[in-house]
Amino acid sequence: MKVMIVGAGIGGLFTALRLHAEGIGCVVYERGERIRELGVGINVLPFAARELAAVGLLDRLDEIGVRTGELVYAHRLGQEIIRRPCGLAAGFAHPQISVHHGRLQGPLHRVVERLGADAVRTGHRLIGFE
Ligand SMILES: Cc1cc2nc3c(=O)[nH]c(=O)nc-3n(C[C@H](O)[C@H](O)[C@H](O)COP(=O)(O)OP(=O)(O)OC[C@H]3O[C@@H](n4cnc5c(N)ncnc54)[C@H](O)[C@@H]3O)c2cc1C
C-alpha cells in the first residue's frame, strides 16, 4: 500500500515522516511549483512537540525556535490581563516551542525529501479521486 498525501504543509510533511517511521510508503503531492518557507510565528504545543520528538526532531526544533515558558496578554498600555505558564512550566512532559512557520516547514521538507527521489512531487494539484 502506498499512501497519497495531498499538500506539503507541515501537516502533510509530518504525516509522511510518521508513515515512513511505521514502514508505510507514501508520496506527498503539492500544488505549488515549489515549497516556499512562508508564514508567521506559530506555537508548537506540547502534544505536537511530543510527535516531533518521536521522529527525532526536537533538537532541531530547539535550534530554530524558542521554548515558551509563559503566555502573557496585556492591555496596550501594559496592564496585564492574563498570565499563564506554558509547556514544561505548565507541567507538560514536552515543551511548547514558538517558531516561525517557514523555519519549521523547511527542515521538515528537507527530511522528507531524503525519503526518496519522488517523496515530494510539486506542481501536482488534486482535482478529484475515486
Ligand atoms: C496567523 C496564524 C497563526 C497560526 N498560529 C498557529 C499556532 O500557533 N499553532 C499551530 O499549530 N497552528 C497555527 N496556525 C495554523 C497553522 O498555519 C497550521 O496549523 C498549519 O500550517 C497547518 O498545516 P497543514 O499542512 O495542515 O496546512 P497548510 O499549511 O495550509 O498546507 C496545505 C498545503 O496543501 C496544498 N494544497 C491545498 N490544496 C491542494 C490540492 N488540491 N492539491 C495539492 N496541494 C494542495 C497547499 O498549497 C499547501 O501547501 C496559524 C495560522 C495562522 C494563519
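Here the structure is a predicted model, which is why all the values come from computation and not from measurement. Count residues from 1 along the sequence. One-based numbering, in listed order, for ligands and for the atoms of each.
For atom 49 (O) of ligand 1, the candidate residues are His124, Glu30, Arg36; the nearest heavy-atom contact is made by Glu30. The closest heavy-atom contact to atom 12 (N) of ligand 1, among the options Ile127, Ile42, Leu108, Val6, comes from Ile42. Nearest residue to atom 1 (C) of ligand 1 from Leu45, Val44, Val40 is Val40 (criterion: closest heavy atom). Between atom 29 (O) of ligand 1 and the options Gly7, Gly9, Gly39, the minimum heavy-atom separation is to Gly9.
Listed by number with element, the atoms of ligand 1 under 4.0 angstrom from any heavy atom of His101 are 21 (O). Near Arg125, with a cut-off below 4.0 Å to any heavy atom, the atoms of ligand 1 are 41 (N), 42 (N), 43 (C). Close contacts between ligand 1 and Asn43 involve ligand atoms 7 (C), 8 (O), 9 (N), 10 (C), 11 (O) [criterion: under 4.0 Å to a heavy atom]. Those atoms of ligand 1 that come under 4.0 Å of a heavy atom in Gly12, given as number and element, are 25 (O).
The two residues Thr122 and Glu33 have their closest heavy-atom pair at OG1-O, 3.1 Å.
When only interatomic distances are considered, the shortest N/O to N/O separation between Gly11 and ligand 1 falls below 3.5 Å. Any N or O atom pair closer than 3.5 Å counts here, and Ile10 shares at least one such pair with ligand 1. Ligand 1 has a nitrogen or oxygen under 3.5 angstrom from a nitrogen or oxygen of Leu126.
Of the inter-residue distances, the one linking His94 atom NE2 with Leu61 atom CG reads 11.0 Å to the nearest 0.5 angstrom.
The protein heavy atom nearest to atom 39 (C) of ligand 1 is Arg31 CD, 3.8 Å.
One finds a salt bridge joining Glu37 and Arg110 here, because a Lys/Arg side-chain nitrogen approaches an Asp/Glu carboxylate oxygen to under 4.0 Å.
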Please tabulate, one pair per line, all N/O donor-acceptor pairs under 3.5 Å involving side-chain atoms of residues 76-85, not counting sequence neighbours.
unit_1	atom_1	unit_2	atom_2	d
Glu80	OE1	Arg83	NE	3.1
Glu80	OE1	Arg83	NH2	2.6
Glu80	OE2	Arg83	NE	2.9
Arg83	NH1	Glu70	OE1	2.8
Arg83	NH1	Glu70	OE2	3.2

